[in-house]
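Notes follow the structure.
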Amino acid sequence: MDAVKSLKQLFGGSLRQFGMLFVLVGLAIFFHLMTGGLVVTPTNLMNLLNGNSYILVLAIGMVMVIVIGHIDLSVGSVAAFVGIVVAIAMRDWGIPWWVAVLLGLVIGAICGAWQGFWVAYVGIPGFIVTLAGYMFFRGANQFVGKSLTVAVPKDFQFLGNGYLPEWGPNTGMNNSTLLLGLVAILALSWAQLRQRAALAKVNAAVPPFGVTIARIVLMAVVVGWLTWMFGTGRPGTSFPVPGLILGLLVILYSFVTQRTVTGRHIYAVGGNRLAAELSGVNTKRTYFLVMLNMSVLSAFAGIMFVGRSTASGPFDGVGWELDAIAAVFIGGAAVSGGVGTVIGSIIGGLVMAVLNNGLQLMSVGSDWTQMIKGLVLLVAVAVDVWQKSQGRPSVSGLLFRGKGAKSVTPTEADLVEESLSKADGAH
Amino acid sequence: MDQPDYILSMEHITKDFPGVRALDGVSLRVRRGEIHAICGENGAGKSTLMKVLSGVHPHGTYGGEIHYDNRLAEFANIRDSEHAGIVIIHQELALIPELSIAENIFLGNEVRGRFGIDWIGARQNARALMERVGLQDDPDAQIKSIGVGKQQLVEIAKAISKDVQLLILDEPTAALNETDSAHLLDLIREFKTHGITCIMISHKLNEIAAIADSITIIRDGHSVETITLAEGERVNEDRIIRGMVGRELTSRYPDRAPNIGEVLFEVKDWTVLHPEISERVVCKGSNFEIRRGEIVGFAGLMGAGRTELARSLFGRSYGTYVQGQIFLHGEEIVPKNVEQAIGVGMAYVTEDRKVLGLNLLDDIRTTVVSAALNKISPRNVVDRNAEFIAAEQYRTDLRIKTPSVNEGVVKLSGGNQQKVVVAKWLFTEPELLILDEPTRGIDVGAKYEMYGIMNALAAQGKAIMMISSELPELLGTCDRIYTVSQGAITGCLNAADATQEDLMRLMTLVPNTTINAA
């Protein structure tokens, strides 16, 4: 158990999340070997990010919706509706790309306010409201676009498949990517040290200095390797723009959900609505904001997708809601609400993406791909449910936040074993 | 003297729940054809006993024997006991509001025709049954369209449709008005003439006195005594009360020297309606006051409306506000939601920790600050250090037993969970602290600590409103005690010279209905 304990310290107790991360890494290595080295290459990683970042953007919003105990089925339709409006606005009115983006986000906010109103203030379950939205906004997309495909200008497309510029001395890498990687390493190290200082200031249990150093080194190695991968692709490529947008959104929403009053309210409402209400939380406003936010992120996803596919069409966004929901549940959210994190959902989404991509590269047909994906989702949630039936009410939420070194319970030990064996099995 | 004919005899029934012995050798003998009342305080074990009898707690999960109709009864579930002719009508009616009267009467017992359910036959049978209980409504009327009194009658019609021998009524008149109650009691008397035996659990001593042939008193999981009355004899209500509360007050309460100041909190003419049933008044023009440094108790039986009163005061978080005023330091305040109530310095520790008090997914530190997050969140960002410091402070002050404030609240014992809830409310720096059953479900040691916390808070000059169903606790900790019965305050006693009997008398008093909101 010593190994487990040191692992735990290294990862700060959030092992369930890291369990899924192990699965992700394991899957990537597995497919890499099976395809004779096609998966972990600069080009494929860029494709992975470009081809999935809009789903991952949706997953960020979806995890918040699921935490408050609702679901949003309308995201694909809202994305498609926003996409067509933006494309037509640029074509017919000739507005610049950034005005189009703003316009899209505003339309997303209006769609979200509409749905949020019914969920929060009329009290209709999100499932129903967004099922209605799913139909309505799909129809609106086809009405506005007359069921036609509308191309978007070149300078808009970088949002979906653009790369960072090349500049400065020849380092053998894309310098923008290099800079990004260095900034990331510095920021992560600084955050670790700052956390230590903060813990020391309030006399809380500070992890041994060695553990902090080990963490920083580990992060630096991972980020450094990613930098190298993305920086040494074909000339003219770099860490992709959609990936950068995604990264910024993940940082923003992780902060909002974990550190702000609004975030606390989201978890409080999802964990126990009645208790939250009796603690002075405005539950209706929370519902409203979360639903509103989901549609804004749907708009974002729609814009990114239109950029990537260079045009907006009547069948954009079909089935996205289900991919986003699957990502969230694989990422450890609970169906009953109150549990789930942005990071977890991103990892869940990446697991699905790598599965898709790997199976495709292995020339596995979409029949098998879908069956395998279905089973993965089922198993991930079954683990959750099984955890609960063992009388452990918190599936993973507690583990995400639990940072006390003393809180090694059988639950966590089990999880470590389980995730390790999972990772092993994947090798 | 010949041996009476017992339809039911439950001998030395013992039932354990994790950590608690709910019934400890309870015996109950019911003669055939009588009306047998069961009395006892809340939590004495009456409902558990009836659940044992009806098979909700199946044979094998309790100790002792049940003899029914001269045979050993080993019911595995409710169907078994219903098959034997035992039907229980719970306090919370088990009707489906969207279905019709006839559908409800035959639910689970449908009249079968050649093709599925014979609705014509069902309707006819329903009409006949409804006639027996004095219901003149259309059998197709939806349950939700008829009043509570009539719903109770539908339950009884459902019971007699099952060929009932022994009818058990749990607080049948708790939700009924005078007329409906009287009608129901008449009906029970009439059943008696048809040979149906009836067990009735009730808090209303006047009703018991009017109707019962025998009375069994249960206290703290023991059967205290059974009073058998001769024909026409009327029971002495004081005797029942003494039996229900008759335990000695020991030094289970920490000493305190009250230092009572000026009036801090005052409520005038507070009237509130039930949130769903708008004709039901749950708070009937309540007036009371609490002074600085004073602990004021609210005594009442279950369903008397104490929690409803507290929650409606706390930002109108229960029911529909009709009228009434709240004064804090002599100035009127109008908290229309919980946020505002917290803002003006009110705090409410709920009676139902797990359902209303805690997010069981949360850890201690986040729970402690959750009702006043803005205090530690400049520009909407939670200061995790301030949170940790606050949680640690309360961990020390309230002696919350946990290795770390990062632990999940779900891992704590009931007493420590309660302390976390109290800490959460103390963090809001309230002036008025409402404690609703603060010692429910926690052990004796934790109770003592909770009383100590209350005393300390009172000494700091806070006003404390304490709702409790344990009379000794109220007498042991409070300065004054208001009694509540059927939504109205029926009296106010100084704890120093009140007795449990005095309280019980006021708690069971039927309030003058003219107190009703004008």
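A note on names: the letters A, B, ... follow the listed sequences, proteins ahead of strands, and every chain is numbered from 1. The structure presented is a predicted model; accordingly, all values stated were derived computationally and were not measured.
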B:R379, part contacting chain A, at a heavy-atom distance under 4.5 Å: neither

Part of B:K354 lying under 4.5 Å from any heavy atom of chain A: backbone

Close side-chain approach of B:V382 and A:T260, heavy atoms under 4.5 Å: no

CZ-CD distance between B:R384 and A:Q195, expressed to the nearest 0.5 angstrom: 8.5 Å

B:L356, part contacting chain A, at a heavy-atom distance under 4.5 Å: both

A:R259 atom CZ, over 12 foreign heavy atoms within 6.0 Å: no

Min side-chain heavy-atom separation A:V261-B:N374 under 4.5 Å: yes

Between CG on residue B:D352 and CG on residue A:L278, distance to nearest 0.5 Å: 10.5 Å

Engaged part of B:V405 at the chain A interface, taking heavy atoms whose separation is under 4.5 Å: neither

Choice from B:N337, B:V355, B:I342 maximising heavy atom contacts with chain A below 4.5 Å: B:V355

Residues, nucleotides or ligands: over 12 heavy atoms within 6.0 Å of B:E332 CD: yes

Side chain to side chain contact (heavy atoms under 4.5 Å, CB included) between B:E339 and A:E277, intermediate numbers included: CA-CA 9 Å; B:E339 216 176 337; A:E277 236 160 48; over 6 Å; no

Stepwise side chain to side chain contact (heavy atoms under 4.5 Å, CB included) check, B:T366 with A:Y267: CA-CA 11 Å; B:T366 47; A:Y267 284 98; over 6 Å; no

Approximate separation, where rounding is to 0.5 Å, of B:N359 CG and A:L274 CG: 11.5 Å

Engaged part of B:N380 at the chain A interface, taking heavy atoms whose separation is under 4.5 Å: both

Side chain to side chain contact (heavy atoms under 4.5 Å, CB included) assessment of B:L361 paired with A:V339: CA-CA 8 Å; B:L361 300 169; A:V339 177; 3.6 Å; yes

Gap between atom OG of B:S370 and atom NE2 of A:H265 - 0.5 Å precision: 8.5 Å

